[in-house]
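Heads up: numbering here begins at 1 and tracks the sequence.
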Amino acid sequence: MRIVFLGPPGAGKGTQAARVAASLGVPHLSTGDMLRVAKQEGTEVGLKAKAFMETGQLVPDKVVDELVRERLGAPDCAQGFLLDGYPRNQAQARALETHLQTGALDYVISLQVDDEKLVARIAGRRTCPKDNSVYHMATRPPRRPGLCDLCGTELVQRADDREEVVRDRLCVYHEATAGLVGYYERAGLVHTVDGDRSIEQVAAAVRAALSIDDDRSENAA
Ligand code: AMP
């Protein structure tokens, strides 16, 4: 199955995409994760991407298209894949169509959550720079204020999780990415899922949209 997850930042794409990919046994390709790794490792791609990512802007299409093209060429993508965070604009959607050798996508899941809820979700997020565990000041605070439960490291706020950057990321989403929902709707691929519910409820709705039976997802859990 070839699946694209669309949705604004903080809508839960990463969480849901990881679950679906595990239950289907296909690779979860998150361009945000790929770029963060490149940035951490200080590769040429990472250096090119850094300033765009930290200000919530899109990394140039050429850089991201090439990353995705290379990744989709790997043997583990032959039976399907789940793209999370790509495409992010019309040009990337067209580039994706040229990467895919045959046919098109099977499903596009569009996760929807109101902007103000997203700002609260993302701006309250804190992460551990050592083991990458994620907390939330209001909904999942660490046991000791400001410190990782697992390793005691001081938690940080990702540069692009600051409220002003989150608002910029939402603007970028509405200007560049939201139009892709209509683009894929015209191809009859879109299933819209209300993302403003618990992780379990959203996961159930996503599984239903993709016709994944519950046995299959429980086996993978
Ligand atoms: P994400 O984790 O998907 O929200 O991505 C984090 C940041 O990585 C974004 O704010 C962009 O700066 C960059 N990024 C991720 N995916 C793309 C993409 N498909 N095109 C351009 N920039 C991207």
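In terms of the salt bridge (Lys or Arg N to Asp or Glu O under 4.0 Å) criterion, residue partners of Glu54 (sequence neighbours excluded) are, by chain and number, Lys39, Lys50.
Rounded to the nearest 0.5 angstrom, Leu67 CG and Met34 CE are separated by 6.5 Å.
A donor-acceptor pair is defined here as one N or O able to donate and one able to accept, closer than 3.5 Å; such a pair exists between the side chain of Arg169 and the backbone of Asp160. Within the 3.5 Å criterion, the main-chain N or O of Thr192 finds no donor-acceptor partner in the side chain of Ser110. Under the 3.5 Å distance criterion, the side-chain polar atoms of Arg121 are matched with a main-chain donor or acceptor of Gly10. Put simply, the side chain of Arg125 never gets that close to the backbone of Val134: no donor and acceptor are under 3.5 Å apart. In this structure a side-chain-to-backbone donor-acceptor pair under 3.5 Å is missing from His191 to Val206. Panel note: side chain Tyr135, backbone Asp149; a donor-acceptor pair is recorded below 3.5 Å. A donor-acceptor contact shorter than 3.5 Å links the side chain of Asp106 to the backbone of Arg2.
Note on Val4: it clusters hydrophobically with Val59, by side-chain heavy-atom contacts below 4.5 Å among ILVMFWY residues. Follow the hydrophobic side-chain contacts under 4.5 Å out from Leu72 and you reach Val108 in the same cluster. Cluster annotation: Tyr183 and Leu189 are assigned to the same hydrophobic cluster (Ile/Leu/Val/Met/Phe/Trp/Tyr, side-chain heavy-atom contacts under 4.5 Å, transitive).
Side-chain contact between Lys48 and Val45 is absent, with no heavy atoms from C-beta onward closer than 4.5 Å. Using a 4.5 Å heavy-atom cutoff, the side chains of Tyr184 and Leu6 are in contact. In this structure, the side chains of Val20 and Ile109 stay at 4.5 Å or more apart for every pair of heavy atoms. The side-chain heavy atoms of Val181 and Val190, taken from C-beta on, include a pair separated by under 4.5 Å. Annotation: side chain of Ile199 is in contact with side chain of Arg19 (closest heavy-atom distance under 4.5 Å). In this structure, Cys128 and Leu150 have side chains that are not in contact, with every pair of non-hydrogen atoms separated by 4.5 Å or more. When side chains are defined from C-beta on, His174 counts as touching Asp115, because their heavy atoms get closer than 4.5 Å.
Screening Asp61, Thr31, Thr177 against Gln92 for a side chain to side chain donor-acceptor pair (under 3.5 Å) leaves a single residue, Asp61.
Looking at Glu66 and Arg69, a side-chain N of the basic residue comes within less than 4.0 Å of a carboxylate O on the acidic one, giving a salt bridge.
In this model, no donor atom of one side chain and acceptor atom of the other lie less than 3.5 Å apart for Asp33 and His28.
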